[in-house]
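So the structure is just underneath, and the comments pick up after that.
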Amino acid sequence: MAAVFEFHLVTYRRVWRGSAMSSFVLPLLTMLGFGLGVGAYVDGGVDGTPYLDWMVPGLIASTAMQVAVFESTWPVLSSFSWARTYEGQAATPVRLDDILGGNLLFVAFRALTSIVAFLLVALAFGVLHSPWALAVLPIGALLAFAIAAPTFAYSASVSSDSYLALLFRFVVIPMSLFAGVFFPVESLPVGLRWLAYASPLWHGVDLSRAATLGVAPQWSVTGHLAYLSVWAVVGYLLARQRFAKRLVV
């Protein structure tokens, strides 16, 4: 697993500059546009918390999710169908779990680097109100794993990148908009509210918001972590099954 993780790190070392700038610029522009621009029209903030302070932890969790999905879609499909990287790795002594686990570790690493950049920008804006804000790092890593694992299974099951566009249109974008990142889930109709609660992103958002604001989450911490862990474990098992079907003769 370590060898596969190292392979992805070496590959990323050649292209990291392209993502480093966006890791800082996008959080900055987002906080200026949504936090200060839109937030100026939100009188009293949300439950007495300034809108920018309330929104930032949601954006951090959403960033972890988006990085996880991106790294788990086209790169995975490419490694099966175009570059055939997985076939090359399978021809070496590394095991199936090494290939899958090493890649998932790299996805978690990418999510963590993006979260660190976002935290630094948030610190500069003075919207972190508790030392527990550092807890968003393990929270983001778990959320990224919970999102990436089932997405790996999906990407390993499709034959065209058209299916990946459908995933973004009908799953990723709605989840980003309605999982409590930009407004409280309680504002939604009851039916949509429970769909938001079922999404792993909402659990990551609630935990991150509690950590940065220094308040108790809406659900128990144990319940959130258990729910995300279930997504991660079940997703990993599904992904392993799909990888085995495509790589093991």
Side-chain angles (χ1 to χ4, degrees), residues 1-2 4-5 8-9 57-77 79-80 86 94-116 118 134-158 164 167-168 171-172 174-176 179-181 185 194-211 217-247:
M1 187 180 301
V4 175
F5 179 54
H8 290 287
L9 287 179
L59 289 176
I60 292 175
S62 180
T63 297
M65 179 206 69
Q66 291 175 23
V67 170
V69 172
F70 179 80
E71 294 289 347
S72 306
T73 46
W74 278 276
V76 173
L77 181 60
S79 295
F80 275 119
Y86 292 141
V94 299
R95 302 169 302 167
L96 180 64
D97 286 315
D98 296 327
I99 296 173
L100 177 57
N103 204 340
L104 284 170
L105 281 177
F106 174 72
V107 173
F109 166 78
R110 284 284 292 113
L112 281 174
T113 56
S114 298
I115 292 172
V116 168
F118 216 127
L134 290 176
V136 301
L137 293 172
I139 293 169
L142 178 58
L143 174 63
F145 200 102
I147 294 287
T151 307
F152 266 59
Y154 178 80
S155 300
S157 304
V158 300
L164 303 183
L167 176 68
F168 274 84
V171 178
V172 177
M175 186 163 53
S176 300
V181 176
V185 170
W194 283 103
L195 287 177
Y197 290 148
S199 71
L201 178 57
W202 179 79
H203 295 266
V205 168
D206 194 36
L207 283 173
S208 298
R209 186 163 288 138
Q218 292 183 334
W219 280 21
S220 71
V221 174
T222 303
H224 280 312
L225 296 178
Y227 188 78
L228 291 175
S229 297
V230 168
W231 271 81
V233 172
V234 173
Y236 182 88
L237 294 176
L238 291 174
R240 191 183 189 284
Q241 182 185 49
R242 297 305 306 168
F243 270 55
K245 185 174 182 179
R246 297 194 64 165
L247 294 178

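Positions are given from 1, in the same order as the sequence printed here. What you see is a predicted model; the values in this text were computed from it and never measured.
Here the side chains of P57 and V136 are not in contact, with every heavy-atom distance at 4.5 Å or above. With a 4.5 Å cut-off on side-chain heavy atoms, L201 and V181 count as touching. Looking at T151 and L167, their side chains come closer than 4.5 Å, going by heavy atoms from C-beta outward. Considering only heavy atoms from C-beta on, S229 comes within 4.5 Å of L142 through its side chain.
Counting all heavy atoms, side chain and backbone alike, M65 lies closest to S176 at CE-OG, 3.1 Å. Contact record, V76 with E71: CG2-O, 4.1 Å, taken as the closest heavy-atom pair. Closest approach of A64 to I115, counting heavy atoms only: CB-CD1, 3.9 Å. Taking all atoms of both residues into account, the shortest heavy-atom contact from L143 to G204 is CD2-CA, 4.2 Å. The two residues P200 and I147 come nearest to each other via the heavy atoms CG-CD1, 3.4 Å. Contact between M175 and S199 at its shortest, heavy atoms only, is SD-CB, 3.5 Å.
In this structure, the separation between CG on L228 and CZ on F145 is 12.0 Å, given to the nearest 0.5 Å. Rounding to the nearest 0.5 angstrom, the gap separating the CG atom in L164 from the OG1 atom in T73 is 5.5 Å. For the atom pair CG of L137 and OG1 of T113, the computed distance is 11.0 Å after rounding to the nearest 0.5 Å.
In terms of the side-chain contact (heavy atoms from CB on, under 4.5 Å) criterion, residue partners of L195 (sequence neighbours excluded) are, by chain and number, L192. Every residue meeting the side-chain contact (heavy atoms from CB on, under 4.5 Å) condition with A148, not counting sequence neighbours, appears here in chain and number order: A68, S72, L104, V107, F152. Evaluation of the side chain to side chain donor-acceptor pair (under 3.5 Å) rule for H203 yields H224 as partners, not counting sequence neighbours. Scanning for side-chain contact (heavy atoms from CB on, under 4.5 Å) contacts around L105 gives M1, F5, with sequence neighbours left out. Residues forming a salt bridge (charged side-chain N to carboxylate O under 4.0 Å, His left out) with R95 (at least two apart in sequence, or on another chain): D98. For S208, there are no side chain to side chain donor-acceptor pair (under 3.5 Å) partners two or more places apart in sequence or in a different chain. For Y197, the ring pair (Phe, Tyr, Trp, His ring centres under 6.0 Å) partners two or more places apart in sequence, or in a different chain, are W194, W202. Judged as a ring pair (Phe, Tyr, Trp, His ring centres under 6.0 Å), and not counting sequence neighbours, the contacts of F106 are H8, Y12. By the side-chain contact (heavy atoms from CB on, under 4.5 Å) test, T63 pairs with V67, S114, F118, sequence neighbours left out.
Legend: salt bridge (charged side-chain N to carboxylate O under 4.0 Å, His left out) pairs involving residues 219-230, not counting sequence neighbours: none detected.
Side chain of Y86 to main chain of L77: no donor-acceptor pair is present (N/O by atom type, distance under 3.5 Å, no hydrogens or angles). Panel note: side chain R246, backbone F80; no donor-acceptor pair is recorded below 3.5 Å. Here the side chain of D206 pairs no donor or acceptor atom with the backbone of P217 at under 3.5 angstrom.
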Validation: residues 235-244 side-chain donor-acceptor distances under 3.5 Å, sequence neighbours left out:
from : atom 1 : to   : atom 2 : distance (Å)
Y236 : OH     : D97  : OD1    : 2.8
R240 : NE     : D97  : OD1    : 2.7
R240 : NE     : D97  : OD2    : 3.3
R240 : NH2    : D97  : OD2    : 3.3
R242 : NE     : S157 : OG     : 2.9

